[in-house]
Peer 1: 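Please see the structure below; I have some questions.
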Amino acid sequence: MDSDHDIKTRVTTLEELKVQRKGDDCLVVIYAPVASELGRRHVLDKELISIGRDRENDIVVDSDSVSRRHARIDHRDGKFYVTDLDSTNGTYANDEPDPIHDCQLRRGDQLKIGDTIFKYLSGSDVEAQYHETIFNMTITDGLTDVGNKKRLDQVVRKEIPRAARHGRELSMLMIDIDHFKDVNDTYGHLAGDSVLRDLANSLQKRLRPDDELGRYGGEEFAAVLPETSLAGAVKIAEDLRKLVESHPFLVEGEQIKVTVSIGVAELAQGMDSKAFFRAADEMLYKAKNGGRNRVCPSPSEFP
């Protein structure tokens, strides 16, 4: 990152945070294409703060998906408001499907500008919020807001000995979006990001409270299902497959068809976490080779 970017973007380290006055509202980068941007903190210490690709902005987001002057944040009556400056790709708040024009920022809000997501921190305990945000980033996928691969590994390593100790079943789903590259190639990667978020949200709503959904990588998700047999996991997988197939994924106002292939595996005696993931991944491979938009093993293999 060049020195001009460092000058134009105010970055606060953890040590600097400790000596700043309480109540310094800020934006923290929780998702970005460049890993070095994660956790970057931008203090909202001016009446008007500009955001965009141009180096003259107060917050520079160096991405082709961001307009030169994309948005601004201004201080009105003790509150912060974000205003979109007629950007090409729009400014989004939280999980709202439509871009915003002007809205008040509230504590914990997420602001999506291009392919970067910020979290708004506010109040007298900003330091505690910041540390919590940084910790959550280590186990949460910033784009989809579900667990990341590290979190999935932690869950599996905990559930395997628990299942063995109590003689309980444990199953896993490996879920992959079919032909996801076509979505990115046709509509752009911002549309692909939107599909990933919508998919994660839809899957999470169907799964049970004790199930653990995470983004395994790219367009691939995994779900850990405690106290669930292979037959039970296959039924859940088929429900998820049908749910995705019928779900109206909206991209730039156009409804597109999205399907998933799902591999299902049950924990077998002697399996460690790597073998468990590998078993589910092998079933996913068979589902995709079998024509996609299907579950493997097939529901028809069970009474």
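Both backbone and side-chain heavy atoms feed into the values below; hydrogens, waters and symmetry mates do not.
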Peer 1: State whether the side chain of N148 and the backbone N or O of K150 hold a donor-acceptor pair below 3.5 Å, judged by distance alone.
Peer 2: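 Yes, because the side chain of N148 sits within donor-acceptor range (under 3.5 Å) of the backbone of K150.
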Peer 1: Please find the pair of heavy atoms, one from S261 and one from N293, that lie closest to each other, and give the distance.
Peer 2: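 Residues S261 and N293, closest heavy atoms: OG-N, 3.2 Å.
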Peer 1: Flag yes if V295 and I236 sit in one hydrophobic cluster, no otherwise; membership is Ile, Leu, Val, Met, Phe, Trp, Tyr, and two members link when side-chain heavy atoms are under 4.5 Å apart.
Peer 2: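 In one cluster: yes.
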Peer 1: Among the clusters formed by ILVMFWY side chains lying less than 4.5 Å apart, do I117 and V195 turn up in the same one?
Peer 2: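 Shared cluster, yes.
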Peer 1: With the 4.5 Å side-chain cut-off for hydrophobic clustering, are V258 and F221 part of the same group?
Peer 2: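 Yes; tracing contacts between hydrophobic side chains, which count when under 4.5 Å, links both residues.
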Peer 1: Below 4.0 angstrom, N of the basic side chain to O of the carboxylate: do D176 and K288 qualify?
Peer 2: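 K288 and D176: salt-bridged.
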Peer 1: If you count every heavy atom of other residues, nucleotides or ligands that lies below 6.0 Å from H189 atom NE2, does the total exceed 12?
Peer 2: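 Yes - once you tally the heavy atoms of other residues, nucleotides and ligands closer than 6.0 Å, there are more than 12.
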Peer 1: Examine the side chains of S122 and R106 and answer whether a donor and an acceptor come within less than 3.5 Å of each other.
Peer 2: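 Absent: no donor and acceptor within the cut-off.
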Peer 1: In the structure I gave you, are the side-chain heavy atoms of V146 and T144 within less than 4.5 Å of one another anywhere?
Peer 2: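 In contact.
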Peer 1: Following the transitive rule for hydrophobic clusters with a side-chain heavy-atom cut-off under 4.5 Å over Ile, Leu, Val, Met, Phe, Trp and Tyr, establish whether L267 and L152 coincide in one cluster.
Peer 2: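 In one cluster: yes.
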Peer 1: Salt-bridged, D95 to R197, with N to O below 4.0 Å?
Peer 2: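 Not counted as a salt bridge, because no side-chain N and carboxylate O are separated by less than 4.0 Å.
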Peer 1: For R162, is there an ion pair with E159 - N to carboxylate O distance below 4.0 angstrom?
Peer 2: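 R162 and E159: salt-bridged.
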Peer 1: Between R278 and D281, does any side-chain N to carboxylate O distance fall below 4.0 Å?
Peer 2: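 Salt bridge between R278 and D281, a charged N being under 4.0 Å from a carboxylate O: no.
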Peer 1: Do the charged groups of D54 and R69 touch, with an N to O distance under 4.0 Å?
Peer 2: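 Looking at R69 together with D54, the answer is no, because their closest N to O distance does not fall below 4.0 Å.
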Peer 1: Which residue in the set E169, K235, E266 passes side-chain contact (heavy atoms from CB on, under 4.5 Å) when paired with L230?
Peer 2: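 So the option named by the test is E266.
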Peer 1: Decide whether S87 and D84 meet the rule of one side-chain donor and one side-chain acceptor closer than 3.5 Å.
Peer 2: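 Yes, because at least one side-chain N or O of S87 sits under 3.5 Å from a partner of the opposite role on D84.
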Peer 1: Do R107 and Y120 form a cation-pi contact, if we require the NZ or CZ to be under 6.0 Å from the six-membered ring centre and within 45 degrees of the ring's axis?
Peer 2: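 Geometry flag: not set, cation outside 6.0 Å or 45°.
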Peer 1: Before accepting this row, confirm whether a basic side-chain N of the pair E245/R241 lies closer than 4.0 Å to the acidic partner's carboxylate O.
Peer 2: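 Salt bridge between E245 and R241, a charged N being under 4.0 Å from a carboxylate O: yes.
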Peer 1: Is the shortest side-chain heavy-atom distance between R292 and H179 below 4.5 Å?
Peer 2: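 Yes, side chains in contact.
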Peer 1: Just checking, any donor-acceptor pair under 3.5 angstrom between side chains of N89 and H70?
Peer 2: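 Side chains of N89 and H70: no pair found under 3.5 Å.
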Peer 1: Inspect the contact between D272 and R157 and indicate whether a charged nitrogen and a carboxylate oxygen are less than 4.0 angstrom apart.
Peer 2: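 Salt bridge: no.
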Peer 1: Hydrophobic clusters here meaning ILVMFWY residues chained together by side-chain heavy-atom distances under 4.5 Å, can you tell me if I51 and L85 are in one?
Peer 2: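 No, because I51 and L85 fall into different hydrophobic clusters, even though each may have its own neighbours under 4.5 Å.
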Peer 1: State, yes or no, whether a side-chain contact exists between V264 and M172 at a heavy-atom distance under 4.5 Å.
Peer 2: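 The answer is no; the side chains never approach within 4.5 Å.
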Peer 1: Can a donor-acceptor pair be found, under 3.5 Å and without considering hydrogens, that links the side chain of S36 to the backbone of V34?
Peer 2: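 Not confirmed, S36 side chain does not pair with V34 backbone.
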Peer 1: Would you say D178 and T259 are linked by a side-chain donor-acceptor pair, where the criterion is simply a distance under 3.5 Å?
Peer 2: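 Their side chains do contain a donor-acceptor pair, which is all the 3.5 Å distance test asks for.
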Peer 1: Answer whether the closest heavy-atom distance between the side chains of P33 and T116 falls below 4.5 Å.
Peer 2: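 Yes, their side chains come closer than 4.5 Å.
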Peer 1: For the aromatic rings, using the six-membered ring if either is Trp, is the centroid distance between Y31 and F118 under 6.0 Å?
Peer 2: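 So the answer is no for these two rings.
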Peer 1: Is the shortest side-chain heavy-atom distance between D145 and T140 below 4.5 Å?
Peer 2: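 A side-chain contact under 4.5 Å exists here.
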Peer 1: Is the closest side-chain heavy-atom distance between R68 and N57 below 4.5 Å?
Peer 2: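 Not touching, per the 4.5 Å side-chain cut-off.
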Peer 1: Salt-bridged, R76 to D74, with N to O below 4.0 Å?
Peer 2: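 Result for this pair is yes, salt bridge flagged.
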Peer 1: Less than 4.5 Å apart, any side-chain heavy atom of Q129 and any of K119?
Peer 2: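 No, every pair of side-chain atoms sits at 4.5 Å or beyond.
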Peer 1: Indicate yes or no: at least one non-hydrogen side-chain atom of K112 is less than 4.5 angstrom from one of L190.
Peer 2: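 Touching, per the 4.5 Å side-chain cut-off.
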